[in-house]
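Here's the structure we're looking at; comments come further down.
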Amino acid sequence: MRLSRWLALLAAVLMPAAIAATEPIRLVSLAPHLTELAFSAGAGDRVIATVEFSDYPEAARRIPRIGDAFRIDYERLLALRPDAVLVWQSGTPIQTIERVRALGFKVIEIAIHRLDEIPAALRTIGRLAGTEAVAEEAAKQFEREIAELRARYTDRERLSVFVQINDRPLYTVNGEHIISEVLELCGGRNVFASLSELAPAIGIEAVIAASPQVILATDRAVADPAQAWARWRSIPAVRNGNVYTVRADDIARSTTRLSQGARQVCRMLDTARQRLGLSVNR
């Protein structure tokens with residue numbers, strides 16, 4: 001066989017593999033915040049399916065749904081044949097993770113309990129999707145923003161804070177939740193940090209007994225928290241007008257938007273300090 005013909009045959013054999021090697025990885029995300037992180041890491045166009053409430057950025061709304069946080073359409077997942085499935089280590093039900101893995105899919109478990117795990121998650125997704133440069137820039141930007149806030153607010157006088165994430169029943173978060181770290185960053189102290197459950201239900205009597213100086217309610221908890229708490233004037237936060245609303249997605253969703261949420265919280269706590277007559281170092 002002539003050398004030129006042999007090389008042509010070899011190229012024909014290797015070409016499909018070469019093309020496959022350059023095709024973008026196909027991802028399925030089983031948590032809204034993981035979908036958002038994929039976009040931040042430059043891999044949003046690699047996500048071929050996700051779950052309900054994956055609504056940010058706008059492009060995420062157009063991604064097909066294959067279920068929600070608790071139920072997955074495994075037949076559709078099989079038909080999609082993704083290269084990897086992103087799951088939330090502490091939020092995706094273990095039964096779902098085991099079933100996806102049993103179906104033969106590569107499962108990438110991402111755990112985010114602390115602020116410094118957000119840039120780590122971005123880098124993980126970037127390596128997986130081949131978008132390392134975008135992911136690295138997003139990770140560094142988030143790290144810079146958090147470092148700037150920490151440096152600015154580290155010496156602020158600490159305030160006791162009650163975080164309200166739901167109204168009826170009344171829910172808060174404990175010290176293990178990432179919201180508590182945001183409070184600490186801004187010079188706040190979660191009055192329910194010592195509770196054992198991550199998002200425990202509590203009674204109004206417990207809030208009164210905790211006597212928080214500040215109440216932070218998410219916009220999904222109650223429409224007008226100042227009005228909702230107005231009758232409980234024995235609580236210092238209510239008596240001094242230190243009841244505030246913060247966007248739930250900016251403070252409770254473990255994505256790069258947490259730096260925005262942290263900035264909002266820090267400003268609110270500074271306003272609270274001023275109303276309490278405490279000094280605020282700029």
Side-chain angles (χ1 to χ4, degrees), residues 14-92 96-97 99-101 103-112 115-146 247-250 252-261:
L14 295 179
M15 189 175 294
I19 293 174
T22 60
E23 289 179 353
I25 191 170
R26 293 158 51 85
L27 302 174
V28 166
S29 166
L30 298 188
H33 73 287
L34 297 182
T35 304
E36 184 173 335
L37 285 172
F39 277 90
S40 297
D45 60 348
R46 272 74 162 172
V47 181
I48 58 173
T50 185
V51 290
E52 294 297 333
F53 304 109
S54 295
D55 54 9
Y56 191 88
E58 183 62 31
R61 298 175 182 268
R62 298 190 288 272
I63 299 174
R65 271 52 173 161
I66 60 167
D68 55 32
F70 305 102
R71 296 180 300 275
I72 300 298
D73 187 335
Y74 294 105
E75 290 186 3
R76 290 190 64 193
L77 181 62
L78 282 167
L80 289 168
R81 299 174 63 187
D83 299 299
V85 179
L86 304 177
V87 302
W88 181 13
Q89 190 182 73
S90 59
T92 306
T96 299
I97 296 175
R99 179 72 183 277
V100 172
R101 188 173 281 122
L103 290 173
F105 295 112
K106 181 178 182 179
V107 173
I108 306 298
E109 295 188 49
I110 296 180
I112 300 177
L115 290 171
D116 61 6
E117 290 177 319
I118 291 175
L122 289 168
R123 291 178 173 115
T124 295
I125 295 172
R127 286 192 297 270
L128 176 67
T131 58
E132 292 94 338
V134 176
E136 184 62 24
E137 179 53 37
K140 287 181 176 178
Q141 178 66 23
F142 181 81
E143 290 169 336
R144 283 193 297 268
E145 291 172 354
I146 293 299
R247 278 175 48 85
D249 285 353
D250 288 346
R253 200 175 268 194
S254 298
T255 69
T256 56
R257 282 191 287 169
L258 260 177
S259 63
Q260 300 175 200

Check: Are Glu52 and Arg71 ion-paired here, with the side-chain N under 4.0 Å from a carboxylate O?
Finding: no

Margin query: Other residues, nucleotides and ligands only: do more than 12 of their heavy atoms fall within 6.0 Å of CZ on Phe53?
Written below: no

Notebook entry, point to check: Can Arg127 and Glu136 be said to form a salt bridge (charged side-chain N to carboxylate O under 4.0 Å, His left out), step by step?
Noted result: CA-CA 10 Å; Arg127 286 192 297 270; Glu136 184 62 24; over 6 Å; no

Check: When rounded to the nearest 0.5 angstrom, what is the spacing between OG1 in Thr50 and CZ in Arg62?
Finding: 14.0 Å

Notebook entry, point to check: Is Glu132 paired with Arg123 through a side-chain N to carboxylate O contact shorter than 4.0 Å?
Noted result: no

Checklist line | Chi angles and distances behind the salt bridge (charged side-chain N to carboxylate O under 4.0 Å, His left out) call for Arg253, Asp55 | finding: CA-CA 12 Å; Arg253 200 175 268 194; Asp55 54 9; 3.0 Å; yes

Check: Can you check whether Val87 reaches Thr96 side chain to side chain, under 4.5 Å on heavy atoms?
Finding: no

Item checked: Residue pair Val85 / Leu30, side-chain heavy-atom distance below 4.5 Å -> yes

Margin query: For Asp68 versus Ile72, what's the shortest heavy-atom pair and its separation?
Written below: O-CD1, 3.6 Å

Item checked: Taking every non-hydrogen atom, the tightest pair across Leu34 and Trp88 -> CD1-N, 3.6 Å

Checklist line | Heavy-atom side-chain contact between Thr255 and Ser40 under 4.5 Å | finding: no

Margin query: Phe142 vs Leu258, test: side chain to side chain contact (heavy atoms under 4.5 Å, CB included). Steps then yes/no.
Written below: CA-CA 9 Å; Phe142 181 81; Leu258 260 177; 4.2 Å; yes

Checklist line | Arg144 versus Gln141, side-chain donor and acceptor atoms under 3.5 Å | finding: yes

Note to self: Taking Lys140 first and then Glu137, would you say they form a salt bridge - that is, a charged N and a carboxylate O separated by under 4.0 Å?
What the structure shows: no

Checklist line | Pairwise distance CG(Asp73) to CD1(Ile66) - rounded to 0.5 angstrom | finding: 7.0 Å

Item checked: Minimum side-chain heavy-atom gap Phe39-Asp45 below 4.5 Å -> no

Next item on the list: Return the minimal non-hydrogen interatomic distance between Ser54 and Pro32, and the atom names on each side.
Entry: OG-CA, 3.3 Å

Next item on the list: Taking all non-hydrogen atoms of both residues into account, name the closest pair between Ile108 and Lys106 and its distance.
Entry: CD1-CE, 3.7 Å

Check: Which atoms form the tightest heavy-atom contact between His33 and Ser254, and what is the distance?
Finding: CD2-O, 3.7 Å

Note to self: Please determine whether side chain to side chain contact (heavy atoms under 4.5 Å, CB included) holds for the pair Thr131 and Arg46, giving the CA-CA distance in whole Å, both sets of side-chain angles, and the decisive distance to 0.1 Å.
What the structure shows: CA-CA 10 Å; Thr131 58; Arg46 272 74 162 172; 3.7 Å; yes

Next item on the list: Go through the steps to decide whether Arg257 and Arg247 satisfy the test side chain to side chain contact (heavy atoms under 4.5 Å, CB included), and finish with yes or no.
Entry: CA-CA 10 Å; Arg257 282 191 287 169; Arg247 278 175 48 85; 3.6 Å; yes

Item checked: Distance, nearest 0.5 Å, that separates CG of Leu115 from CD of Glu145 -> 12.0 Å

Check: Ile125 versus Ile110: any side-chain heavy-atom pair under 4.5 Å?
Finding: yes

Check: Roughly how far, to the nearest 0.5 Å, is the CG atom of Leu86 from the OG1 atom of Thr35?
Finding: 7.5 Å

Checklist line | Evaluation steps, side chain to side chain contact (heavy atoms under 4.5 Å, CB included), between Ile118 and Ile112 | finding: CA-CA 6 Å; Ile118 291 175; Ile112 300 177; 3.8 Å; yes

Next item on the list: Using a 4.5 Å cut-off on heavy atoms from C-beta on, say whether the side chain of Arg76 contacts that of Pro64.
Entry: yes

Margin query: Can you give me the closest heavy-atom contact between Pro24 and Asp83, atom names plus distance?
Written below: O-OD2, 4.3 Å

Margin query: What I'd like to find out is whether the side chain of Val51 reaches to under 4.5 Å of the side chain of Phe70, using heavy atoms alone.
Written below: no

Check: So, does Ser259 use its side chain to make a donor-acceptor pair with the main chain of Thr256 at under 3.5 Å?
Finding: yes

Check: Are any of the side-chain heavy atoms of Ile25 and Leu128 separated by less than 4.5 Å?
Finding: yes

